[in-house]
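Note that these values count all heavy atoms, side chains included, but never hydrogens, waters or copies made by symmetry. Residue numbers begin at 1 in each chain, while the letters A, B, ... track the order of the sequences.
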There are 2 protein chains.
Amino acid sequence: MKITQEADYALRIVLNLSKLGMDNRIDAKSLSEEERIPTRFTLKILRKLTQGGITRAYRGVHGGYALNQNPQDLNLKIVIELIDGPICVNRCVYDKEFCNLKRTNHCSIHHVLGEVKDLLTDKLESVNFKDLLEK
Amino acid sequence: MKITQEADYALRIVLNLSKLGMDNRIDAKSLSEEERIPTRFTLKILRKLTQGGITRAYRGVHGGYALNQNPQDLNLKIVIELIDGPICVNRCVYDKEFCNLKRTNHCSIHHVLGEVKDLLTDKLESVNFKDLLEK
DNA sequence: CTTAATTTATACCTATTTGGTATAGTTTTA
DNA sequence: TAAAACTATACCAAATAGGTATAAATTAAG
């Protein structure tokens, strides 16, 4: 019931860039030092964020990264799912192949874990990075 | 953001035993067949449940397992945490060593993921196995 | 137009966790 | 006393997590 360390780092990276604002960039090395994330790992995460449209990369001398969207349009769920994949709680909810529903047409575990998933998803979606900055 | 398959199985085992009621036992083999869980893995999970006080084991011929508590006193959180360990969302919330709080005395990621953890915990705690049976 | 600072792409590596199995032993009831 | 159960411990393979390495492409500045 955890997000990966990589997703955790990604949240911190996006928060850092949110502080800077969309118009300012920072290079991966400085960012990694500020956030205490291994530099190469930071690069890898930034690549995913860039491919996912969350950040924007500038190459060459004085290059770096900046947010590609307004902080208020980015929330925890978007970042976590980009890195970790969809939030799913258990495989029964995610993949019906593994679910009793197939056999018995009823699976109360499925049902309640679906509720848990929805609750979690809604909460993560409700927190955007503008909110986080203001805390 | 998932529970393990083992915890998922454990929920189904406890639900099965809840259906039986505290006064009736079932042996591991039958249980594993009903729930489509590998038999040896079922035994392993039942051992953990028994050590955790959730089930009770009867040895010897006509032995088996029964619930050791009323279904309404058992909830999703109790079973999941027994198998998977504490719900923690990320290591920052769980272990302050890894948290910016140490450095900066403020970590908004920590704060909000703490909220997520609490929400999740409360929800899992709010669903007991009597409720599940009645669904 | 060349050099240095930067990102990109791909691939690799190691440790841990997960999911499950095996073996040998203990208890109980008929 | 034999068979049907549970117990304890330890082992194993595959997947995932977390991170590293190498080589190439791009860009700004001098």
(message) Less than 6.0 angstrom from the centroid, inside 45 degrees of the normal: does A:Arg25 satisfy that with respect to the ring of A:Tyr65?
(response) no
Rounded to whole Å, how long is the line connecting atom [atom1] of [X] with atom [atom2] of [N]?
X       : N      : atom1 : atom2 : result
B:Ile13 : C:dG20 : CD1   : P     : 11 Å
A:Lys48 : C:dA9  : NZ    : C1'   : 14 Å
B:Ile45 : D:dT7  : CD1   : P     : 14 Å
A:Phe41 : C:dA15 : CZ    : C1'   : 14 Å
A:Lys44 : C:dT10 : NZ    : P     : 13 Å
B:Arg47 : C:dA24 : CZ    : C1'   : 13 Å
B:Arg40 : D:dA8  : CZ    : P     : 16 Å
B:Asp8  : C:dT18 : CG    : C1'   : 14 Å

(message) Just to verify, which of A:Asp8, A:Ile80, A:Leu11 counts as forming a side-chain contact (heavy atoms from CB on, under 4.5 Å) with B:Asn90?
(response)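 Of the listed options, the one satisfying the test is A:Asp8.
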(message) Between B:Asn128 and B:Asp131 (side chain of the first, backbone of the second, donor and acceptor by atom type, cut-off under 3.5 Å), is there such a pair?
(response) yes
(request) For A:Asn68 and A:Gly53, indicate whether the former's side chain and the latter's backbone hold a donor-acceptor pair under 3.5 Å. (result)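 Yes, the answer is positive, given that a donor and an acceptor are paired below the 3.5 Å cut-off.
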(message) Near DNA chain D, counting only heavy atoms under 4.0 Å, which residues of residues 18-30 of chain B show up?
(response)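 DNA chain D contact set from residues 18-30 of chain B: B:Asp27, B:Ala28.
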From the set [options], return the single nucleotide nearest to any side-chain atom of [X].
X       : options               : value
A:Thr4  : C:dT7, D:dG18, D:dG19 : D:dG18
A:Gln5  : D:dG19, D:dA29, C:dT7 : D:dG19
A:Arg59 : D:dG18, C:dT7, C:dT27 : C:dT7
A:Val61 : D:dA4, D:dT7, D:dA28  : D:dA28
B:His62 : C:dT8, C:dA30, C:dT21 : C:dA30

(request) Would you tell me if any nitrogen or oxygen in the side chain of B:Tyr9 comes within less than 4.0 Å of OP1 or OP2 on C:dG20? (result)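 Answer yes for this pair, as a side-chain N or O of B:Tyr9 is under 4.0 Å from OP1 or OP2.
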(request) May I ask you to evaluate whether A:Tyr58 reaches the phosphate of C:dT8, defined as a side-chain N or O under 4.0 Å from OP1 or OP2? (result) no
(message) Judged by each residue's nearest nucleotide on DNA chain C, which is more toward the 5′ side, B:Ile37 or A:Gly60?
(response)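 It is A:Gly60, whose closest nucleotide lies nearer the 5' terminus.
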(message) Just checking B:Arg56: does its CZ atom have more than 12 heavy atoms from other residues, nucleotides or ligands closer to it than 6.0 angstrom?
(response) no
(request) Drop me the distance from B:Phe129's CZ to B:Leu15's CG, to the nearest 0.5 angstrom. (result)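 Rounded to the nearest 0.5 Å, the CZ-CG separation comes to 6.5 Å.
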(message) Quick check on DNA chain D: between B:Gly63 and A:Asp84, whose nearest nucleotide comes earlier from the 5' end?
(response)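 Its nearest nucleotide being more 5', the pick is B:Gly63.
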(request) Answer yes when A:Lys44 and A:Glu6 have at least one side-chain N-carboxylate O distance shorter than 4.0 Å, and no when they do not. (result)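 Looking at A:Lys44 and A:Glu6, the cut-off is not met.
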